[in-house]
Amino acid sequence: MGKTVILDHPLIQHKLSILRNKNTSSNQFRALVSEIATLMCYEATRDIPLKEVEVETPLAIAKTKVIAGKKLAFVPILRAGLGMVDGVLALLPSARVGHIGLYRDPETHQPMSYYCKLPADTNEREVVLLDPMLATGGSAIDAISKIKQHKAKSIKFMCIIAAPEGLKAVREVHPDVDIYCGAVDDYLNEQAYIVPGLGDAGDRIFGTK
Ligand code: PRP
Ligand code: URA
């Protein structure tokens, strides 16, 4: 059974409060999404596998550890997940990056798939899926299914704000996936927006509204 981790670190909570503010500019919003992604990534990678190596220091040979194997792939869900990519690559610059393009149908709120390009060696990697918003859960469920088709070694999902409905839905369909989020909000409104949330993450990152 995967775990659900609420990242209540004061730095994440502080930045999240600024992110929620409707008067925060796109410029500042983008920077904050990236910074929060870095902080979340630190926690989400706490248990990635290590292997022992020997390193020659100026004084002696140190038995020490480095990340094992082919490491990670980050997969943002377009568009809003793109805002988290720089932040996670700041910690793991040699990770691969896949892309999954989904948008929610405005009437049905169902995810509509328009793009999927994952690393050829996804089956040898731990995948971290990125999307700031987990609302109904439809997009995350679809993206996780696509990553599973590529036989990733493990899948984690990082979102900044989750709705209880979305968490439950992802848990039911993909119980093996670890979910990391900065906050669990109150509910979804009739348009399936998270309340209080932060509005439309893609529009706020890219200034399209
Ligand atoms: C937003 C968000 C998630 C999705 C979450 O994307 O970035 O991908 O909604 O909603 P769900 O949990 O109900 O599926 P959106 O569909 O608005 O696309 P965009 O990022 O391209 O604007
Ligand atoms: N997508 C968003 O960007 N915001 C929401 O509140 C729900 C889905």
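Numbering of ligands and ligand atoms starts at 1, following listing order. Model, not experiment: these values are computed from the prediction.
- Atom 14 (O) of ligand 1 lies below 4.0 Å from at least one non-hydrogen atom of the protein.
- The closest approach between a heavy atom of His109 and any atom of ligand 1 is not below 4.0 Å.
- Residue contact check: Tyr103 has heavy atoms under 4.0 Å from atoms 16 (O) of ligand 1.
- Considering backbone and side-chain N/O atoms, Gly202 never comes within less than 3.5 Å of an N/O atom of ligand 1.
- Looking only at distances, no side-chain donor or acceptor of Ser139 sits under 3.5 Å from a matching main-chain atom of Pro111.
- At under 3.5 Å, a nitrogen or oxygen of Ile194, whether backbone or side chain, sits near a nitrogen or oxygen of ligand 2.
- Residue contacts with ligand 2: Ala192 is included, with a non-hydrogen atom under 4.0 Å away.
- Counting protein heavy atoms only, atom 16 (O) of ligand 1 is closest to Arg104 N, 2.8 Å.
- Looking at heavy atoms from C-beta onward, Val195 lies out of side-chain contact with Leu188 at the 4.5 angstrom threshold.
- Residue contacts with ligand 2 do not include Arg204, since none of its heavy atoms lies under 4.0 Å from the ligand.
- A donor-acceptor contact shorter than 3.5 Å links the side chain of Asp185 to the backbone of Gly197.
- The backbone N or O of Cys41 lies less than 3.5 Å from a partner atom in the side chain of Thr45, making a donor-acceptor pair.
- The main-chain N or O of Lys146 is found under 3.5 Å from a side-chain atom of His150 such that the two form a donor-acceptor pair.
- With His174 contributing its side chain and Asp176 its backbone, the two residues share no donor-acceptor pair below 3.5 Å.
- Residue contact check: Arg104 has heavy atoms under 4.0 Å from atoms 7 (C), 8 (C) of ligand 2.
- Below 4.0 Å from some heavy atom of Ala135 lie the following atoms of ligand 2, by number and element: 7 (C), 8 (C).
- Residues Met158 and Met40 come closest through the heavy atom pair CE-CB, 3.5 Å.
- Atom 1 (C) of ligand 1 is not flagged as protein-proximal [any protein heavy atom, distance under 4.0 Å].
- Under 3.5 Å, the side chains of Ser34 and Asp86 contain no donor-acceptor pair of N or O atoms.
- Without hydrogens or angle criteria, His99 side chain to Pro76 main chain gives no donor-acceptor distance under 3.5 Å.
- Per-residue contacts place Ala80 under 4.0 angstrom from the following atoms of ligand 1 (heavy atoms of the residue considered): 7 (O), 20 (O).
- For atom 4 (N) of ligand 2, the choice among Gly138, Pro132, Ala201, Gly199 with the nearest heavy atom turns out to be Gly199.
- When the options Asp142, Asp131, Ile77 are ranked by their closest heavy atom to atom 8 (O) of ligand 1, first place goes to Asp131.
- Taking atom 17 (O) of ligand 1 as the reference point, the nearest protein heavy-atom neighbour is Asp200 OD2, 4.0 Å.
- Taking only non-hydrogen atoms, the option from Ala201, Ala140, Gly137, Gly83 nearest to atom 12 (O) of ligand 1 is Gly137.
- For the pair Arg104 and Tyr193, the distance from NZ or CZ to the six-membered ring centre is under 6.0 Å and the angle to the ring normal is within 45 degrees.
- Annotation: atom 5 (C) of ligand 1 to nearest protein heavy atom, Met133 O, 3.6 Å.
- Among all protein heavy atoms, the one lying closest to atom 5 (C) of ligand 2 is Tyr193 CD2, 3.3 Å.
- The shortest contact between atom 4 (C) of ligand 1 and any protein heavy atom is with Ser139 OG, 3.6 Å.
- At a cut-off of 3.5 Å, with distance as the only test, a side-chain donor of Arg171 or Thr4 sits close to an acceptor on the other residue.
- Side-chain N or O atoms of Ser17 include one that pairs as donor or acceptor with a backbone N or O of Gln13 at under 3.5 Å.
- Distance from atom 20 (O) of ligand 1 to its nearest protein heavy atom, with residue and atom name: Arg79 N, 3.1 Å.
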